[in-house]
Amino acid sequence: MAFVLGAHFSPMTCKVVNNTHAHADDAAYIRRAVDLSEKSAGFTSPHPNFGCVIATSTGKVAGEGYLYAQGTKPAEVLAVEACGERCRGATAYLNLEPGDCHGDHTAVSALVQAGITRAVVGIRHPLQHLRGKAVCALRSQGLQVDVLGEDLQSKVMEEARKSCLIVNAPLIHRACSRVPFSVLKYAMTLDGKIAASSGHAAWISSKMSRNRVFELRGRSDAIIVGGNTVRKDNPRLTARHGSGHMPMRIVLSQTMNLPEEANLWDVSEASTIVVTQRGARRNFQKYLASKGVEVVELDILNSRDVMEYFHDRGYLSILWECGGTLAASAISSGVIHKVFAFVAPKIIGGKNAPTPVGELGMVEMSQALDLIDVGYEQIGPDMLISGFLQPVPDLMPVIPSEDETFAIDPTVTPYESSIISFYKTWDPYGAFSNFSPHPIQMPDRDDNYVTWSSVEHYYQAQKFAGVNDPAAQDCVEKIKAMRSPEEAARVGRSMQRQHSDLVRSDWESMKIDVMYRALKCKFSIYPHLNSMLLSTAGSVLVEASPHDLFWGGGREGEGLNYLGRLLMQLRSEFLGESSTSTENTCSAL
Ligand SMILES: NC(=O)C1=CN([C@@H]2O[C@H](COP(=O)(O)OP(=O)(O)OC[C@H]3O[C@@H](n4cnc5c(N)ncnc54)[C@H](OP(=O)(O)O)[C@@H]3O)[C@@H](O)[C@H]2O)C=CC1
Ligand SMILES: Nc1c(N[C@@H]2O[C@H](COP(=O)(O)O)[C@@H](O)[C@H]2O)[nH]c(=O)[nH]c1=O
């Protein structure tokens, strides 16, 4: 069983501050950190939401920041930079305990070095390998750390803590229930229909409401519909916001009785996955694959298995835009956490017109599912009613016993001793990912050292480096300037697809070497990354990317795993060097 940092916490040692004014201020700053933490929503793929507000002893906000994307500067580092000298003696407000898994330029070191004397933390990190670590590290550096609900208890604190739970609901669900956070969204008429009896549904809600849906899509890892919705609506399911994050489009179809031509099979704008039952219409599966659509076969197509599968692929949040049949199946499987219902002031009638949720088998009103934390918002002529179907799991007691930790956080299952998988930066060994926030310095063609924000930035840009065309140089500069590794990857890949003439002619033969040199730099200049890599000796390293069959290991081990291989190669080189240097030292003695 994994050791839980701080597992010896005892309520007896907890100092409960109970000053109403101080609480109101602390709660207000925590709420501000919560609001900040959501600012990147829609621009980047969903990630743990971090916000940080630094307030001086006179109660003035001196600096703030938020995590923009996986692999970018931590919120706390940005806030400290914005605050400068005014950090000395100030208080930092964090909605979420930092996930400082990577050691340098971390929230903890930034706050300590800046001279912050107190930190107020909304909730502890829900992922077990990170929980309690930053709080403990800050305390060991002499900061006063007050955690809401532990050190600060009052009604106003409870409300602020709740907003911290809600803003990171996807992360908390990931930690507690091994499924992504799922939102069911539908548009219905005032008489409760999601389409006319004919199945026609365009449109029930107003343009303003549909624009809100595009925003919801941009905040999601994926959009799900059932096969019948594809047949009836031929949807596009894109987030029409220009250049922001584009979610994956997922179709669940048992029969695979899907049209040959459909907007979803055009994967130039967004990718599509069709999930089906093993063996269904194999020829049609091949046809879809030829169009660039990924087909996933599961033994039985039930909503829970599908969600567990997408959890394992690293998805944090999913938007269900299906009809009532699939919605009922998802609700009864217990995988829907939140509902967004757009209600339009229209009546369509129709005894057989579809409704938002099909058969749930309930016979008495007392069995109805009550929504929690219900919100009402008018959007143009429509009313948006939202609420949670299941409460966001509360991680209190925040520092559980080891047994309790295991029960609420099944992700702690220890790795197989011989295989270490890595993918998302916030997971264990996430620092091995090319999206990890470790800038590298690499020589250019004139041997001048240039700093790149991440290995991914460098790798993507090298596709166009040295090509004798100003447009190729523009590609390099554009990728270099991207704010996050995710965006660098998106731009690099799309430029490669759209302007293959700008890609260097030797790219295919050079790309492994480019990656090797970038990784060698990363694991040489960061001692803690070097130690982490060496600590995996004896294990097989696999990049658990289901999409990338060259650098990643694929869904079922069918990928070539070149990233894992290069890391293992580097590991043995570093181990060789350290044994040589030990030998040298010994011989010198
Ligand atoms: N107003 C709104 O917000 C919306 C309206 N609609 C409307 O709803 C209607 C379609 O609704 P509906 O028929 O419910 O369609 P759905 O497509 O949402 O759901 C049913 C289909 O999902 C697939 N499926 C996969 N797994 C399961 C499972 N475990 N349980 C149940 N179904 C599963 C099946 O596809 P297969 O048959 O291929 O095996 C099934 O036919 C259309 O008229 C559409 O216009 C749809 C979405 C939103
Ligand atoms: N009819 C209806 C909705 N329908 C949903 O939107 C999908 C179409 O998306 P797209 O093709 O991307 O515009 C459709 O398949 C269904 O899931 N949504 C709404 O907000 N309001 C509406 O009135």
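Remember, it's 1-based here, ligands and their atoms both numbered in the order they're listed.
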Backbone or side-chain N or O of L301 under 3.5 Å from ligand 1 N or O: yes
Mode of K207 contact toward ligand 2 - side chain, backbone, both, neither (heavy atoms, under 4.0 Å): neither
For atom 3 (C) of ligand 2, the protein heavy atom that lies nearest, with its residue and separation: K185 NZ, 3.8 Å
Proximity of A187 to ligand 2 by residue part, where a heavy atom lies under 4.0 Å: side chain
Part of H200 with heavy atoms under 4.0 Å of ligand 1, whether side chain, backbone, both or neither: neither
Selected option - heavy-atom contact closest to atom 7 (C) of ligand 2, from R210, R217, R236: R217
Nearest protein heavy atom under 4.0 Å from atom 25 (C) of ligand 1, yes or no: yes
F181 and F388 aromatic ring geometry - parallel, tilted or perpendicular at 30°/60° bounds: tilted
Under 4.0 Å to a heavy atom of Y186 - the qualifying atoms of ligand 1, by number: 3 (O)
Per-atom contacts of ligand 1 with L252, taking only distances under 4.0 Å to non-hydrogen atoms: 22 (O), 23 (C), 24 (N), 25 (C), 35 (O)
Y315/F310 aromatic ring centres below 6.0 Å: yes
Any N/O pair S303/ligand 1 closer than 3.5 Å: no
Region of H200 that comes within reach of ligand 2 [heavy atoms, distance under 4.0 Å]: neither
